[in-house]
Structure formats: C-alpha cells, structure tokens
Amino acid sequence: MINEIYDVIVVGGGHAGCEAAAAAANLGSKTLLVTMNMQTIGQMSCNPAMGGIAKGQIVREIDAMGGYSGIVADKSAIQFKMLNLSKGPAMWSPRTQNDRMLFAEEWRIALEQTPNLDFFQDMVKELIIENNQVCGVKTSLGISIKSKSVVLTNGTFLNGLIHVGDKQLGGGRMGEPKSFGITEQLVSLGFEAGRMKTGTPPRIDGRTLDYSKMEEQKGDENPQKFSFTDTPKITKQLSCHIAYTNEKVHDILRTGFEKSPMFNGTIQSIGPRYCPSIEDKINRFAERNRHQLFAEPEGWRTVEIYLNGFSSSLPEDVQIKAMQAIPGFENAKVFRPGYAIEYDYFPPTQLSHTLETKLIENLYFAGQINGTTGYEEAAGQGLIAGINAHNKVHEKPEFILNRDEAYIGVLIDDLITKGTEEPYRMFTSRAEYRLLLRQDNADIRLTEKSFKIGLAKEERLRKVEEKINKSSELEAYLAKTSLKPSIINPVLESVESAPVDQAYRATQILTRPNVTLKTLEDIPDLKENIERYSAEVQEQAQINIKYKGYIEKEKANVDKLTRLENIKISETFEYLNIKSLSMEARQKLTKIRPKTLAQAGRISGVSPSDINVLIIYIGK
C-alpha cells in the first residue's frame, strides 16, 4: 500500500477528514486516509450533537450532495428537534442529539464500505514538496507515501496544548497526543500561522444527578431527520435536561480565577466568542445571576452526561465544587474535568475558494486548521476540499459554491475573503440570502450540481425531480381551487383569522399568517387532495406559496450581485500601482487576490469608492 501513488491523501480522521476522504474516493480517486488513531475516526470531540442554528442547514447541504454526515447523524440519533419553528422557514434549523460511540462507529462503517479508500494509522509530521507542489507525506515512522494531492484536516492536534488550571498537557484531545512538524514546515515555506483556543465541559456520571430539580427537554413529537435518503426516522428519544447556575456557583468559580489560564496570561490565543467558557461568562456578564446549562446524554447505553454551557479550564477541584452547587448536581461525580486546548491554525485568506493553498499547489486545508469551530463547518469544508482535490488531479474544473447557493458557500467565501482571528461559527445572519438557503430545499439547490460532477447518485436526482414535480402539482391545484365564504369562514374563525365576503383561491388564503395546509385539511374536499402528497412535498409547496414575493425579491437581488460576480479580476492585477485606491484596499487586495469584483467588495477595508475605482481600471 505505502508503495502506491495516491490521487488524494487526507490527513486527519475528524469530520472534515471523513467527508474529504469519502468525497474523493466516491468520485473515483485512489484515496488514503491517514489518522493517528483508527479507533477515533469520526469522533465527537466536544458535544454529542449535530446541527443547530445554521449548522443544521450545512448538514442537509452535505447530505444533498452525497456526503455522509446527515446519514451518520440519523443512524446515531437519540433525539431530534427542529429549532426556531416560531420564526420563518429561513430560520428553521434541524438538530440531533447523538450517541457518541454509535456516531463514530457509523462513520467507520461508512468509510470502510467506500470503494477506492485505504487507511493508515500514523502521524504525518512532514509534507513532501517539490517545485512548490505537494507530492505526498512523511510519517513519524519514517514512511514516505506519494500522492498527487494532500488535504490537511488536523483539527486541534497541531501543537495542541491542553490546560486544566495551572496544569498543561501536550495533546490534541484529552488522552491523545498532539501532532507536530507540519506547522514548522509550512511556516518555513512562507505560510502565516496563528494560535486559537477552544474548550470543553466536564463529563459527569448521570447516575449521580437529581433530574427532578431540572427542566426536562424532550425531542419533537413528530421527529424529522437530516438525510434526504431513506434513513430510518427515530422512534424513541432520550430527553435532555435544563439546569441553571446561581450566585453561589459563580462565587466558587471566581475563587479559581488566579489559577485560570484564561485570566493569568497563560492562554493568549482567542477562544470562540459564541461558546465562551463558564468563567468567561461570569466575568463578561457579571450582572447576570444565572446561566442556562443543558445536561445532555452521551448515548443509549451509557450513563455519561455532557454538561453543555459549562466549558471550563479552571482547576478540577474548583470545577467540581462549583458544579455541586447547581440544583440537581449536589452529588455529581465527574468522569473527566473540563479543559481548554490551544492549537495552531492558518489564517484562511491564504486559500482560494477551492480550499487549495495559494503557496503550494495541490495542497488543501479543511476544518479547524482554517480557524473554524464546529463539526458541521469542518465537514462542509472537507466535502469541498475532497471534491476539488479529486478534480484538480483529474484535470476537471474547480467546484465552487456561491453565497446564494449554499451556507457552505457563505462559510468558505467568508473565510478566504475576510479571514478570521477567532474561531468562526456559522449563523443564519451571515447569509444575506438565507430565505433561498433553507434546510428544506438543500436537495433542490445542490443535488443536481453534485450529480453533474459525479458525486450524488442518479437515484438522489430522481428523488429531487419527483419532489419538485409533486410540489408544483400541489401548488397548481391550490391555485385553481376556489373557496366560497360559507366553506372557508368556519375554518378561518377556528384560527382567529378575519372572515371573507367573497370566494378566494386556496393559495390566497394560505398566505395568511395563521393559515397552513393543515388548517385547510379541515375542509373535506381539500383534505383528500392534500393528503395525497408527502409531508416533505406539502412543506415545500406551502413555503413556496407563503413566501413567493419574498423569494422572488431575493432572487432579483442575487441577479444584481451576479453581474459583479461575472466581472473577473486578473491574478496579476497590480493593485499597488493604483494610487486612487486607499492604502488599506491596496494592501488587502494584494494579499487576498479576489477573483471577481463582487468578492473584492466583500473584503473588510475595501470601500464602495474603491470598487468604483476598480470598475474604471478593469474597464480600461
């Protein structure tokens, strides 16, 4: 095996690495996944959950394109919730609670059943580079493995340093060694590197908790799923429980501040703004007398509990004492204390939209090495990097998702255009076209694109086409169905909607805020026709009808932006010579080298007047 020349070598078996390896192999590339530990492939290093606000949309996009994250999440789910249902459909976000061990097992099984994919357990300590092109990897055993491309998905392992109070341990995860060598080599080649920090909470023995003092949080009554394929729907669910800190908890936590690496200067790198440690919360939000916590089960057959919201790097005795002041946790026993971890990353402005590095040809970065946080963001990058590594070595066109096509497109464009100095997390607010990028239509947006490059199978495409046809059929039926006042007014009254004094089309009635297709099913003649269609088709038709005006307006805005996206900028454009550009714009444009005028306009520090100057010069 090690004498073979691979098309793609993927370094790292986390979420980014798994998706990258699966994508490249399924496209037909001879692929090798190199990981430090075969037993931790697909490991959920932090919370045992997938999806959530904006992240759930990414998982559905991965699935729509033929990736595995949604399938694995469905097969290992112990609870499902659709978040934000009280808001518009652009905000609806699926989330699963997962069995941690089963999740990793399902990933391992899926990868082992993937043709063209080999595995090797070792640490990659060096890249083989010739003439500014990557040609393979060298491992800690001194083995050289040749390849035409390499995808680095090192997670938190690059020079990882674990902090618990004033104790420090080298490692990429608790109990697992760090990796070294790659950062130093890349810096010597001219790459810019930095340090980031993330953290994780204590794991607790669930047998020692009193759940009667907490609020039960059940899954949805009619749980859905991530995958557009025929993965089984969850039939039984485990509950999470909500608990709260209090002033006593906060006072105990403060006693450990002098030994906290967050406050005594030991940790100088930046942690995730939107997932702060508990000590950071009580320091930054001193006016709050309590913070919400979630006791999340780790699986069907384990008593281990993940205390979401209590990430900490304080001394372990302070963590335990403070935790036992939380109602319901008085007798809590800890399996493992929380800890912080610092690791190397490479500012992503050093990449192109394909996630290939600008300095070294055929070298790709995906996941936390690019400064992101979260399984979903990592998996989305891994998918795109795996596709493009395959395409590059087989001389096929690069595959790029635009901001109006996918959250994955927003994520990558944000990273390479704006960069990030703190762990990047996806939110719906980051997507300017989020009404087009809903979780329900990810298959309509992306499956055909993926099919055309050979990743999504024909069966998926046929399913999408049927969904589009059926929803159009249902929309047409509702558009031609007239409802007289005598028929519709009793139904409108039941949902506290104003009565009508003339006949209206069903589509017109459906645009009312309180009216849904379920409401219209109270009309016998409509019920039979609506129930002929699946819940998925009904949801699609309802959204298309209710939000038609908004969707069309957003598409018009996309068309305007597309005109700027179509104005290409030469890679050799001399920004420094244009004195009418601001100095900041000249520097940023020279560093990032945007490919289009629209991308140039998204760079922080490039003003509308700078874009006007560029339009004039490009016109010349």
Side-chain angles (χ1 to χ4, degrees), residues 19 22-29 51 56-75 77 89 92 94 106 109-111 113-117 223-234 379-380 383-384 386-387 390-391 394 396-397 399-402 404-409 436-479 517 529-545 551 555:
E19 287 291 1
N26 280 322
L27 283 166
S29 276
Q57 282 86 328
I58 291 176
V59 176
R60 295 215 97 191
E61 289 175 353
I62 292 167
D63 181 78
M65 293 178 63
Y68 290 168
S69 288
I71 294 170
V72 170
D74 285 347
K75 288 184 175 181
W92 299 350
E106 290 292 348
I109 291 168
L111 291 174
Q113 292 176 348
T114 300
N116 304 314
L117 182 56
Q224 300 180 43
K225 56 196 188 76
F226 275 119
S227 184
F228 293 100
T229 64
D230 295 324
T231 51
K233 277 192 176 181
I234 188 170
L383 180 76
I384 299 302
I387 291 170
H390 163 85
N391 282 3
H394 292 281
K396 294 185 176 183
F399 183 82
I400 294 170
L401 294 174
N402 295 323
D404 61 294
E405 293 176 319
Y407 270 92
I408 296 172
L436 301 181
L437 308 183
R438 305 184 311 274
Q439 56 83 31
D440 62 274
N441 70 353
D443 54 342
I444 294 172
R445 289 185 277 121
L446 298 173
T447 298
E448 185 177 3
K449 288 180 180 295
S450 184
F451 174 76
K452 285 179 178 177
I453 63 169
L455 184 55
K457 300 293 184 281
E458 187 173 0
E459 181 185 349
R460 278 183 176 270
L461 185 62
R462 298 286 87 83
K463 202 168 183 179
V464 174
E465 290 171 342
E466 183 182 6
K467 177 179 172 180
I468 294 170
N469 292 336
K470 292 290 185 183
S471 61
S472 296
E473 191 179 283
L474 178 54
E475 288 171 51
Y477 164 73
L478 294 169
L517 278 174
N529 285 295
I530 292 172
E531 286 185 341
R532 287 172 43 216
Y533 299 93
S534 68
E536 189 180 28
V537 167
Q538 288 183 38
E539 180 183 60
Q540 196 65 216
Q542 179 170 284
I543 291 171
N544 288 343
I545 292 167
I551 291 170
K555 285 179 177 176

Looking at every non-hydrogen atom in both residues, tell me the closest pair between L27 and L455 and how far apart they are.
CD2-N, 3.7 Å
Nearest 0.5 angstrom please: I387 CD1 to S29 OG, how far?
11.5 Å
With Q439 as partner, the option from Q224, R60, Q57 fulfilling side chain to side chain donor-acceptor pair (under 3.5 Å) is R60
Closer than 4.0 angstrom, basic N to acidic O: yes or no for K452 and E448?
yes
Salt-bridge contact R445-E61 (side-chain N to carboxylate O under 4.0 Å):
yes
Going from OG on S227 to NZ on K233, what distance comes out if it is rounded to the nearest 0.5 angstrom?
12.0 Å
Smallest heavy-atom separation, L117 atom then A25 atom, equals CB-CB, 4.0 Å
Indicate the atoms forming the closest heavy-atom contact of D440 with F228, along with that distance.
O-CE2, 4.1 Å
F226 backbone acceptor or donor facing D74 side chain under 3.5 Å
yes
Nearest 0.5 Å please: distance from the NZ atom of K449 over to the CG atom of L446.
7.5 Å
Would you please name every residue forming a side chain to side chain contact (heavy atoms under 4.5 Å, CB included) with P89, sequence neighbours left out?
W92, R438, I543, Y547
Measure across Q538 and I530 and return the closest heavy-atom pair with its distance rounded to 0.1 Å.
NE2-O, 3.2 Å
Do K467 and I444 have side-chain heavy atoms sitting under 4.5 Å apart?
yes
About how many Å separate CD of Q542 and CG of L474, when rounded to the nearest 0.5 Å?
9.5 Å
If the threshold is 4.0 Å, N to carboxylate O, is there a salt bridge linking R462 and E465?
yes
Apply side chain to side chain donor-acceptor pair (under 3.5 Å) to the pair E473 and Y533, showing each step before the final yes or no.
CA-CA 10 Å; E473 191 179 283; Y533 299 93; 2.6 Å; yes
Has the side chain of T447 got a donor or acceptor atom that lies under 3.5 Å from a matching backbone atom of A64?
yes
Note: Y407 and L437 closest approach over all heavy atoms is CE1-O, 3.1 Å
Is the number of heavy atoms from other residues, nucleotides or ligands under 6.0 Å of K457 NZ greater than 12?
yes
What pair of heavy atoms forms the shortest contact from R460 to G66, and how long is it?
NE-CA, 3.9 Å
Hey, what do you get for CG (N116) to CG (N26), rounding to the nearest 0.5 Å?
8.0 Å
Using only heavy-atom distances, determine whether the side chains of Q540 and N441 contain a donor-acceptor pair under 3.5 Å.
no
From I408 atom CD1 to N402 atom CG, the distance as rounded to the nearest 0.5 Å
13.0 Å
Take R532 and Y477 through the side chain to side chain contact (heavy atoms under 4.5 Å, CB included) test and state the conclusion after the steps.
CA-CA 12 Å; R532 287 172 43 216; Y477 164 73; over 6 Å; no
Ion pair check, K225 and D230, cut-off under 4.0 Å:
no
